[in-house]
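To start, the structure under review is shown below, and the notes come after it.
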Amino acid sequence: MSKLLFGLPFFLLPVIARGQRSTDSTRIHYLKNVTISGIRTIRGTGHLPEEREGIIYSGKKNEVIIVDSLDANKAINNTRQILGRVPGLNIAETETGGFTANGIATRGLNPSQSIEMNTRQNGYNISSDIYGYNEAYYLPPMEAVSRIEMVRGAAALQFGPQFGGLVNYVLNDPPKNKPFEFTTSQTAGSFGLFNSFNSFAGTIKKWSYYSFIQYRTLQGYRPNSHQQQLSGFGRVQYNASDKLTVGVEYTLLRNRIKMPGGLTDSMFNADPKASFRARNWLKSPWNIVTGYLNYTFSPATSLNIKSSYLFSSRSLVWRNEDGGPGVLDTIDPSTGEYIPREVEKEAMHNITTEIRLLHHYKLGNTSNTLAGGLRHSYAWFKRQGGGEGTTGSDFDLSIQGEYEYDLDFTTTNIAPFIENIFRVNKYFSVTPGVRFEHLRSTAKGYITDDGKVTTDNKRNRTILLFGIGTEYKTSRYTNLYANISQAYRPIDYAQLTPIGTTSKIDPNLKDADGFNADLGYRGTVSNFLNFDIGLFYLAYNRRIGTVLLTNPDGEPYTYRTNVANSVHKGLESYIEFNILKYLHPATKRGISIFDSFGYTDAKYTSGEFKNNRVETAVKYINRVGIIYNDQHFSATFQVNNVGDSYGDATNAKFSTDPVAGYIPAYTVFDLSATYKLGRYACKAGINNIGNKAYFTRRTDEYPGPGIIPSDGRSFYIGISGRF
């Protein structure tokens with residue numbers, strides 16, 4: 001058995017070491033049963049087990065990405081290379097606009113800042129408020145991430161009711177047999193990229209620690225771009241006994257970003273590298289402190305507690321969207337100065353505790369698993385905007401007079417949840433579950449709109465969410481799965497706050513709800529085939545979106561409202577086939593071909609825009625790649641073919657409004673390679689080999705307004721070592 005486990009280090013392979021008996025002349029020793037699990041993958045991608053660390057995954061569509069096995073530009077967190085094998089993953093590429101934390105979404109949902117996802121690090125939330133302000137400004141550097149776990153919409157019962165499901169970035173663990181280990185990685189590349197990543201880790205008796213510090217600077221693809229970023233992390237863990245583990249973590253981000261602004265269609269067609277904003281700045285320092293406790297009562301029962309405090313902010317000074325990207329930011333001849341910029345500030349605080357209990361028990365002749373818990377969260381959020389800033393060009397947040405709006409929001413959330421795996425027999429299991437959500441939200445402050453309007457609102461909601469999943473094992477490593485789970489999305493703070501003069505808010509906005517359903521077949525065959533092919537159906541009721549309207553003066557503007565109900569349905573397929581392993585199972589080399597394909601038919605089913613495509617919903621996404629690997633060298637060539645979409649629900653092909661209009665299909669090619677020799681590794685690559693001019697996002701706010709072009713051709717090279 002030990003040889004088998006050693007030969008399959010990445011396999012998620014439940015192996016039960018049966019209790020063995022050893023005897024001498026006087027006594028008998030009974031050894032405890034031991035469950036050993038790893039991650040079963042084929043070259044970096046795989047699936048989660050039925051349950052892990054107090055969480056049930058049985059019957060749910062999920063993926064695991066083993067980051068260290070990927071050839072990718074991790075220095076810049078190139079999302080399409082790192083997460084591109086997740087079928088149907090739509091990526092809002094915003095590096096050129098000033099955000100390296102690219103947003104993601106699946107199934108035709110909005111990818112901007114991953115607002116439809118439950119985004120976590122080591123199992124706890126890293127966005128400021130998953131109900132009030134679910135935008136991801138911080139992501140860990142990929143050099144610090146060991147694996148990425150994704151669970152689609154059915155994650156609602158255990159994590160929260162987001163339509164998009166869960167993405168969890170799991171950071172590296174320290175070595176268990178070394179008191180000190182130092183890892184360093186230095187990368188340089190196009191557009192002034194320099195990235196330095198350094199980590200320190202080790203285990204000393206019952207204590208273990210892992211920490212990293214990363215510094216990155218980037219001039220950017222377009223003029224008027226500049227990014228400086230410092231991120232860090234520290235974890236100390238005390239292994240008190242075989243049963244009890246406690247630890248504390250601290251995460252920080254410090255950055256300052258100069259944003260080149262957005263473009264109109266004519267500007268983009270003339271020169272996608274152009275910039276007409278030289279005075280736009282953003283900083284978003286992030287801080288998260290987390291404590292956790294894991295306790296094993298018995299081999300059958302375990303308790304996990306995580307409690308985190310997030311205290312962060314976002315500050316912005318910019319030449320705003322008034323008039324759209326077509327209005328140039330030039331000096332006024334009458335004053336000899338620029339017009340004043342706009343200043344916005346946000347302060348975010350969130351205290352969240354999650355308690356999870358997992359219990360294995362016998363029911364008749366079958367072993368079943370019960371998982372339950374409670375989430376409690378209190379978030380308070382201050383948003384100030386529309387302040388008249390300076391006429392200067394540097395980073396200056398001072399204002400003249402008052403802000404146009406000054407609002408304080410709070411969200412209280414209490415959510416008990418429970419799921420149970422009923423194993424009918426050794427092949428078939430059923431996993432029903434329920435989650436109860438209590439939400440209390442408040443809004444207090446004022447908005448200036450043709451006069452100061454004060455507000456002092458309170459709102460309570462109670463939502464009961466049901467779900468059920470089934471799984472049938474067709475072999476040891478393949479299974480059929482099906483599930484359905486309710487979803488819910490309350491109105492968030494951003495949807496209640498207008499962005500300048502080009503966007504208006506419906507005062508009668510309502511929460512959205514719906515459900516996700518999956519049916520699929522997945523698994524691995526020996527060590528040469530990995531696959532997951534499934535159908536999905538997502539119903540999204542009272543969907544909040546943007547429509548293009550015209551004011552009495554004939555000027556277009558976007559209106560944020562409950563557009564209508566929508567239905568998203570389609571196919572998600574991932575197939576990876578290792579040709580060499582199939583022909584020669586004992587070979588230490590591999591040549592793999594993978595295809596990650598998603599087809600989404602997302603349309604409105606009611607209202608004025610019935611049968612129109614949902615905004616930002618890409619119809620097809622196909623990523624095909626070929627991988628070569630041996631003991632020292634690996635390389636990946638990837639083709640990214642992404643279909644078209646629209647910026648708003650009217651499906652307007654062209655508009656002077658910055659958010660409305662057509663988003664064309666595009667194809668880009670990436671190549672990355674890694675050479676390892678002992679403790680050292682060299683990495684290099686080319687992104688967007690064909691220098692394709694394309695964009696993935698239109699926006700009516702920062703980092704725009706307007707079209708945010710994606711990066712052109714870029715190169716990178718780096719070296720790393722482990723000591």
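- To the nearest 0.5 Å, the span separating CG on Asp648 from CZ on Arg698 amounts to 9.5 Å.
- A donor-acceptor pair under 3.5 Å is formed between the side chain of Asn224 and the backbone N or O of Arg277.
- Side-chain atoms of Asn195 and Thr187 form no donor-acceptor pair, as typed in the model, at a separation below 3.5 Å.
- Between Ala274 and Arg222, the closest heavy-atom pair is O-NH2, 2.8 Å.
- Distance CE/Met150 to OH/Tyr169: 7.5 Å, rounded to 0.5 Å.
- Ring-plane geometry between Tyr702 and Trp318 is classed as perpendicular, the angle between the planes exceeding 60 degrees on a 0 to 90 degree scale with a lower cut at 30.
- Side chains of Thr391 and Pro340 form a contact here, defined as non-hydrogen atoms less than 4.5 Å apart.
- One finds no salt bridge joining Glu116 and Arg107 here, because no Lys/Arg side-chain nitrogen approaches an Asp/Glu carboxylate oxygen to under 4.0 Å.
- Closest heavy-atom contact between Ile708 and Thr94: CG2-CA, 4.4 Å.
- Ser710 OG to Arg80 CZ: the interatomic distance, rounded to the nearest 0.5 Å, is 7.5 Å.
- Residues Asn688 and Ser714 fail the side-chain proximity criterion, which asks for heavy atoms closer than 4.5 Å.
- Checking side-chain atoms of Asn73 against main-chain N and O of Ser672 turns up no donor-acceptor pair under 3.5 Å.
- Remark: Leu109 CG to Thr616 OG1 distance equals 7.5 Å, nearest 0.5 Å.
- Salt-bridge check for Glu344 with Arg314: passed, with a basic side-chain N closer than 4.0 Å to an acidic carboxylate O.
- For the 3.5 Å distance criterion, the side chains of Asn530 and Glu576 fail to qualify, holding no donor opposite an acceptor.
- We find the CD1-CG distance between Ile339 and Asp329 to be 6.0 Å, quoted to the nearest 0.5 Å.
- Without hydrogens or angle criteria, Asn651 side chain to Arg613 main chain gives a donor-acceptor distance under 3.5 Å.
- With Arg713 contributing its side chain and Ile686 its backbone, the two residues share no donor-acceptor pair below 3.5 Å.
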Practice task
Could you check Lys61 against Thr106 for side-chain contact (heavy atoms from CB on, under 4.5 Å), going step by step and ending with a plain yes or no?
Solution key: CA-CA 12 Å; Lys61 184 175 181 65; Thr106 58; over 6 Å; no
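- Side chain to side chain, Ser185 and Lys683 meet the donor-acceptor criterion of an N or O pair below 3.5 Å.
- Under the 4.5 Å side-chain criterion, counting only non-hydrogen atoms from C-beta, Val642 is not in contact with Val668.
- One side chain, Glu615 or Tyr604, offers a donor N or O that lies under 3.5 Å from an acceptor on the other.
- The backbone N or O of Met117 sits less than 3.5 Å from a side-chain atom of Asn134, completing a donor-acceptor pair.
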Exercise for the section: Given side-chain contact (heavy atoms from CB on, under 4.5 Å), test Leu89 with Ile621 step by step and report yes or no. Expected result: CA-CA 7 Å; Leu89 188 76; Ile621 299 173; 5.9 Å; no
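- Distance check: Leu316 CG to Glu346 CD gives 8.5 Å after rounding to the nearest 0.5 Å.
- Closest approach of Tyr138 and Gln121 over heavy atoms only: OH-OE1, 2.7 Å.
- For the residue pair Thr667 and Tyr694, no side-chain donor N or O sits within less than 3.5 Å of a side-chain acceptor on the partner.
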Exercise for the section: For Asn255 and Ser284, run side-chain hydrogen bond (donor to acceptor under 3.5 Å, both in side chains): C-alpha distance rounded to whole Å, both residues' side-chain angles, the deciding distance at 0.1 Å, then the answer. Expected result: CA-CA 6 Å; Asn255 63 5; Ser284 50; 3.1 Å; yes
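- Across all their heavy atoms, Leu397 and Lys283 have their closest contact at CD1-CE, 4.4 Å.
- Side-chain atoms of Asp670 and Asn640 form a donor-acceptor pair, as typed in the model, at a separation below 3.5 Å.
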Practice task
Just do the side-chain contact (heavy atoms from CB on, under 4.5 Å) check on Thr600 and Val618 with the steps written out, would you?
Solution key: CA-CA 7 Å; Thr600 301; Val618 175; over 6 Å; no
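- Defined by atom type and a distance below 3.5 Å, a donor-acceptor pair is present between the side-chain atoms of Arg697 and Ser112.
- With a 4.5 Å cut-off on side-chain heavy atoms, Glu143 and Phe212 do not count as touching.
- Of the possible polar contacts, none joining the Thr264 side chain to the Pro325 backbone as a donor-acceptor pair under 3.5 Å is found.
- Side-chain contact of Ser196 with Gln186: a donor-acceptor pair under 3.5 Å is present, judged by distance alone.
- Counting only heavy atoms from C-beta outward, the side chains of Gln214 and Gln229 approach each other to under 4.5 Å.
- Considering all non-hydrogen atoms of both residues, Thr390 and Arg279 come closest at O-NH1, 3.9 Å.
- Side-chain atoms of Ser128 come within 3.5 Å of backbone N or O of Tyr133 as a donor-acceptor pair.
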Exercise for the section: Could you walk me through whether Glu63 and Tyr574 pass side-chain hydrogen bond (donor to acceptor under 3.5 Å, both in side chains), step by step? Expected result: CA-CA 10 Å; Glu63 292 93 5; Tyr574 180 80; over 6 Å; no
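- A donor-acceptor pair under 3.5 Å is formed between the side chain of Ser275 and the backbone N or O of Pro260.
- The two atoms that bring Ile130 and Gln162 nearest to each other are O-NE2, 3.5 Å, heavy atoms only.
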Practice task
Could you walk me through whether Tyr662 and Asp265 pass side-chain contact (heavy atoms from CB on, under 4.5 Å), step by step?
Solution key: CA-CA 9 Å; Tyr662 188 58; Asp265 288 79; 5.9 Å; no
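- The backbone N or O of Ala75 sits less than 3.5 Å from a side-chain atom of Arg216, completing a donor-acceptor pair.
- Formation of a donor-acceptor pair under 3.5 Å by the Asn77 side chain with backbone atoms of Pro140 is found in this model.
- In this structure the side chain of Pro709 reaches within 4.5 angstrom of the side chain of Phe268, judged on heavy atoms.
- Using a 4.5 Å cut-off on side-chain heavy atoms (C-beta onward), Leu70 and Thr636 make no contact.
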